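Just below is one structure, and these are the notes that go with it.
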Amino acid sequence: MKQKVFIAADLPETAYRILEQAGFEFAVYRGTGYISGNELLQAVEDADALIPLLAHKIDACVIAAGKKLKIIANYAVGYNNIDLEAARKNQVIVTNTPGVLTETTADLAFGAMIAVARKIAEGDKMVREGRFKGWQAKLLLGCDVYGKTLGIIGMGRIGQAMARRGLGFGMKIIYAGRSAKTLDFPAEFIEIRKLMSKADFILLSLPLNQETRGIINRSLLSEMKPEAFLINIARGEILDEEFLISLLERQKISGAALDVFQNEPEINPRLCALQNTILTPHIGSASLATRDKMAAMAAGEVVRVLSGKPAVNRVI
């Protein structure tokens, strides 16, 4: 009997080709929106492998329902959507897709940073709505990026990729984290509160876990300079979104570029009403090449584990 793989969302065709070539049977959820909890529970009952998105909550109930599950190959670098303890107890291997999306996500973050600083979205909207009446000396005056201070909270792969881009723009790099890192470029390791008060642009690139949930709190956000911008390409739950919105509404900081949100896909309507923001729908890794590579990595892990071989990117 062929081993079965359930894919909880439609992925790039690469994933399907790899599974077909390996001789596995697979089913794909192709419904509108995310698969429901009940549908997911039913789908994993006879599955040997599961490929979910980060948006899918793979809790103890889902894992228990998948009595044949050998691997959960998360289609993401993060894995906070999976109950790792439940997977461990049920001897289910969990994998992710690290490394492959680093540069793509850094591209998005740097582009969003420039866009919010230079009011690009506001300008685009003005032109489309027919409100552009000609060049004016004070029209949409933004902030320079070149030569400013970039503060990075979470100097992992993406943080380092952002730092290298910042250096190309003559930026001074400061960073905060658990400890100083050995880096191949100039950067100053400082305490997080000091970073919040010194940086012109603050990038959040932390993983979401028990330590980082809510770490960028009201107290830290209050340290930001009035001319500073915040860029979040990590997870919405890392910061106090309500207080950030209040700072933006009162123009206590200059702006924010957000690719992730506290309750996504639901977006706080107060955010949408703000002009000093760039809001993107969690598309940090959304390039054709990167998403294709992610599909290949997830499917490849399934093939390896179901064929009795060790996983390459094993989380547990």
Side-chain angles (χ1 to χ4, degrees), residues 103-153 158 161-162 165-172 196 199-205 216 221-236 238-288 290-291:
E103 301 299 339
T104 302
T105 305
D107 279 350
L108 186 282
F110 207 83
M113 183 174 74
I114 293 175
V116 72
R118 294 300 307 275
K119 302 181 184 292
I120 290 174
E122 289 181 64
D124 178 86
K125 184 178 181 182
M126 175 181 283
V127 172
R128 292 176 189 277
E129 292 178 350
R131 294 185 287 111
F132 175 50
K133 304 303 180 183
W135 189 92
Q136 299 174 35
K138 295 183 178 180
L139 178 64
L140 293 179
L141 298 179
C143 172
D144 289 326
V145 174
Y146 190 90
K148 297 293 185 175
T149 297
L150 173 59
I152 298 173
I153 302 177
I158 296 171
M162 271 292 285
R165 285 161 175 74
L167 290 169
F169 274 64
M171 303 182 85
K172 177 182 178 181
M196 297 294 290
D200 299 302
F201 297 92
I202 298 168
L203 172 75
L204 305 183
S205 56
I216 310 302
L221 288 169
S222 296
E223 296 288 339
M224 290 178 66
K225 301 187 295 186
E227 62 269 27
F229 296 83
L230 184 132
I231 299 93
N232 188 10
I233 45 86
R235 294 289 182 269
I238 283 172
L239 61 79
D240 185 333
E241 189 175 275
E242 281 291 322
F243 189 67
L244 174 67
I245 292 170
S246 74
L247 291 177
L248 292 163
E249 288 175 334
R250 292 178 288 130
Q251 298 183 348
K252 294 295 185 181
I253 62 173
S254 287
L258 308 175
D259 188 47
V260 289
F261 307 91
Q262 191 168 346
N263 298 306
E264 63 181 72
E266 294 181 13
I267 310 298
N268 191 314
R270 289 164 62 201
L271 268 178
C272 297
L274 291 165
Q275 294 296 312
N276 53 348
T277 57
I278 292 290
L279 309 176
T280 51
H282 205 148
I283 55 171
S285 64
S287 77
L288 291 170
T290 294
R291 291 286 172 86

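All values derive from a computational prediction rather than experimental measurement.
- To the nearest 0.5 angstrom, Leu258 atom CG is 9.0 Å from Ile267 atom CD1.
- Residues Ala106 and Met162 share a closest heavy-atom pair of O-SD, 3.5 Å.
- Under the side-chain hydrogen bond (donor to acceptor under 3.5 Å, both in side chains) criterion, the residue pairs touching residues 257-267 are Asp259-Thr280, Glu264-His282, with sequence neighbours excluded.
- The distance from atom CG of Asp124 to atom NZ of Lys119, rounded to the nearest 0.5 Å, is 15.0 Å.
- Note that CG of Leu248 and CG of Leu274 are 5.5 Å apart. Values are rounded to the nearest 0.5 Å.
- Distance check: Ile231 CD1 to Leu108 CG gives 11.5 Å after rounding to the nearest 0.5 Å.
- Remark: Phe201 CZ to Ile114 CD1 distance equals 8.5 Å, nearest 0.5 Å.
- Dense packing is recorded around CZ of Arg250, with more than 12 heavy atoms of other residues, nucleotides or ligands lying under 6.0 Å away.
- Judged as a side-chain contact (heavy atoms from CB on, under 4.5 Å), and not counting sequence neighbours, the contacts of Ala228 are Met224, Lys225.
- Residues Leu230 and Leu247 have side chains not in contact (no heavy-atom distance under 4.5 Å, counting atoms from C-beta outward).
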request  = For side-chain contact (heavy atoms from CB on, under 4.5 Å), just list the numbers for Met171 and Asp200, CA-CA rounded to whole Å, side-chain angles, deciding distance to a tenth of an Å, and then say yes or no.
outcome  = CA-CA 10 Å; Met171 303 182 85; Asp200 299 302; over 6 Å; no
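- Closest approach of Asn232 and Ala234 over heavy atoms only: OD1-N, 3.0 Å.
- For the salt bridge (Lys or Arg N to Asp or Glu O under 4.0 Å) condition, the pairs that include at least one residue of residues 103-112, sequence neighbours left out, are Glu103-Arg165, Asp107-Arg165.
- The shortest distance between side-chain heavy atoms of Ile216 and Met196 falls below 4.5 Å.
- Nearest approach of Leu221 to Leu244, heavy atoms of both residues: CD1-N, 4.1 Å.
- Shown here for Val116 and Ala256, the closest heavy-atom pair between the two residues is CG2-O, 3.6 Å.
- Asn276 and Ser254 make their closest contact through CB-O, 3.4 Å (heavy atoms, listed as atom of the first residue, atom of the second, distance).
- With sequence neighbours excluded, the residues forming a ring-ring contact (aromatic ring centres under 6.0 Å, His included) with Phe169 are Phe110, listed by chain and number.
- Put simply, the side chain of Leu271 reaches to within 4.5 Å of the side chain of Glu241, judged on heavy atoms.
- Atom OG of Ser246 is separated from atom NZ of Lys252 by 10.0 Å, given to the nearest 0.5 angstrom.
- Taking a 6.0 Å sphere around CD of Gln251, one finds it holds 12 or fewer heavy atoms contributed by other residues, nucleotides or ligands.
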Can you give the donor-acceptor pairs under 3.5 Å from side chains of residues 131-152 to other protein atoms, not counting sequence neighbours?
residue	atom	partner	partner atom	Å
Arg131	NE	Glu129	OE1	2.8
Arg131	NH2	Glu129	OE1	3.0
Lys133	NZ	Gly130	O	3.2

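- Applying the side-chain hydrogen bond (donor to acceptor under 3.5 Å, both in side chains) rule to Thr104 yields the partners Thr290; only residues at least two apart in sequence or on another chain are considered.
- Between Gly236 and Val260, the shortest heavy-atom distance links the atoms N-CG2, 3.6 Å.
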